[in-house]
There are 2 protein chains.
Amino acid sequence: MAHESLTQTQKALLGLRQRILSGAITGGTRLYEVALAEELAISRTPIRAALSRLAEEGLLERGSGGGFIVRSFALADVVDTIDLRGVLEGTAARYAAERGASPENLAKAQTILREIDRVLADQAVDIEAYSSLNTAFHDQLAAMAQSATLQRELARITALPFASPSAFLEDHDRIDALQRTLISAQAQHIAILEAIAGRESGRAEALAREHARAARRNVEFLLSHEGVLREGVASLALLTD
Amino acid sequence: MAHESLTQTQKALLGLRQRILSGAITGGTRLYEVALAEELAISRTPIRAALSRLAEEGLLERGSGGGFIVRSFALADVVDTIDLRGVLEGTAARYAAERGASPENLAKAQTILREIDRVLADQAVDIEAYSSLNTAFHDQLAAMAQSATLQRELARITALPFASPSAFLEDHDRIDALQRTLISAQAQHIAILEAIAGRESGRAEALAREHARAARRNVEFLLSHEGVLREGVASLALLTD
DNA sequence: CTGACTGCGAATGTATACATATGCCCCAGA
DNA sequence: TCTGGGGCATATGTATACATTCGCAGTCAG
């Protein structure tokens, strides 16, 4: 097995996930263990384990009489999922405001926002840097809610590639337009944190909910320009229509 | 075991779920495939399949180095989960109001509510009948939202025994107190449906969210009377503290 | 011509032998 | 006594042979 220390299950998991996310296996397709085992040159047992985990992730669903089917996502599903993230993040922000965030957590969030400010100040924005800081802020928000349940469900939703807070950022062709978007988003970040610090729970919830609308607009924009932009947008390859 | 046509996986699933929900296996316990296989007289393969499905259900979590651990639920988790159901049902009610429910769906919901009225009119309330009608109303609410994503997540949350809309109903010892609770709940049902029919989305969301608070109060009440009431409350057997 | 029965084939379900990883305990040497 | 290493015990990981189930098609009878 050379120097790869991955188990067969992990290989199967990576291979299948990649095929689904890239659109190589399209939504609605029934997956057959034997066929996959042959294709990936792995026995059925780890294939089954991988399929099961992909079902947990939400990329597959179980068919009625056994077997797995690749979930298909229409535009409406994508939009609803992003909105749902907004609802959950809104709840997280409200909890953080109501329950009170610790000074350490507030400081950590502040630090992230200052770093984002620095990234945005550059002429040529480092999108990758923004992405990871943005993800970190959203993670921090989930942590400040002090609800393991909520944090868990947010992680679930966010695992879908098109519902992550930093989805689609790398797919913009017009950097100037993107930069304006990011500046607005950062203004919302600051307002959310201010509301949390000031224990303004209603404001915090509304702001966080609205914040997700930016992502939604982004998707709708990308999809309204069919062939032109949609090609090459990795996160959208698994959409059905 | 005779004429049972259940597969081994299904037997394992039922056996394990029962053991977890009843508290026979307590939260935090690591589950070992071989031990379970011996105990249930089933080979490891179906045991693994069952464990995997229980992880999907949210009753187990995967340990870091492989293996499964029984999730433990503290009171705070139960309360947060019920509140989360409220948030999601609130969103469902808002969507139903915003997107407009079909006359058929509104009529179906109306019918359910009239049947609940009839059940509540009896001197001795048929709690089982109320339970199933209540569940039907909540299911109908989820369907009226016209969002597969939301419906899916609601189903997930509701699968946890203590987060179901009809949890704890059968555990009341004072029927008269319970009856008063149910009458208030039914008033909320009626108001929610009225708000949806009238396209009052804000009102619908707020009402549905508040409606879940009744379930939350119920749990808090049951748990505040430690030994007295808590014993024999099946849905609470899996709580840790 | 139509309906049902039967057999075959392809799928998942199941058991089990063997592989591999990991952690602990014990022993030896500094 | 402390530390490092080696081996065993026990866990999950993997492959595979065999079981079972279910649907479909082909054929025969009414």
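Throughout, protein chains are lettered first and strands after them, A, B, ... in sequence-line order, and every chain is numbered starting at 1. Keep in mind that the numbers below use all heavy atoms, side chains included, and drop hydrogens, waters and symmetry copies.
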Exercise. Please name the pair of heavy atoms, one in A37(B) and one in S43(B), separated by the smallest distance, quoted to 0.1 Å.
Key: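 Heavy-atom minimum between the residues: CB-C, 4.2 Å.
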Quiz item: Hey, what do you get for CD (E33(B)) to OG1 (T45(B)), rounding to the nearest 0.5 Å?
Solution: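 Here the interatomic distance stands at 9.0 Å.
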Quiz prompt | S164(A) (side chain) donor-acceptor with P161(A) (main chain) under 3.5 angstrom | solution =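 A pair under 3.5 Å: no.
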Practice problem: Say whether H211(B) and E89(B), considering side chains only, have a donor N or O and an acceptor N or O under 3.5 Å apart. | Solution: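 No - no donor-acceptor pair under 3.5 Å links their side chains.
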Exercise. Report the C-alpha separation of D83(B) and R99(A) in whole Å, then their side-chain angles, then the decisive distance to 0.1 Å, and conclude whether the salt bridge (charged side-chain N to carboxylate O under 4.0 Å, His left out) test is met.
Key: CA-CA 14 Å; D83(B) 267 7; R99(A) 302 177 177 188; 5.3 Å; no
Exercise. Please lay out, stage by stage, how K108(B) and E115(B) fare under the test salt bridge (charged side-chain N to carboxylate O under 4.0 Å, His left out).
Key: CA-CA 11 Å; K108(B) 213 186 288 184; E115(B) 287 181 54; over 6 Å; no
Self-check item: Length of the line joining I47(B):CD1 and dA11(D):C1', which is rounded to integer Å
Solution: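 The distance from CD1 of I47(B) to C1' of dA11(D) comes to 15 Å, rounded to the nearest Å.
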Quiz item: Does the pair E220(B)/R216(B) count as a salt bridge with the N-to-O cut at 4.0 Å?
Solution: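 Salt bridge flag = yes for R216(B) with E220(B).
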Quiz prompt | Nucleotide-resolved protein contact map, nucleotides 10-16 of chain C, B/S/- at heavy-atom distance under 4.0 Å | solution = -SBBBBB
Quiz item: Is the count of non-hydrogen atoms from other residues, nucleotides or ligands lying under 6.0 Å from E128(A) atom CD greater than 12?
Solution: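 No, because the 6.0 Å sphere around CD of E128(A) holds 12 heavy atoms or fewer from other groups.
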Shorter than 3.5 Å, N or O on both sides, protein versus nucleotides 22-25 of chain C: list them out with atom names.
none

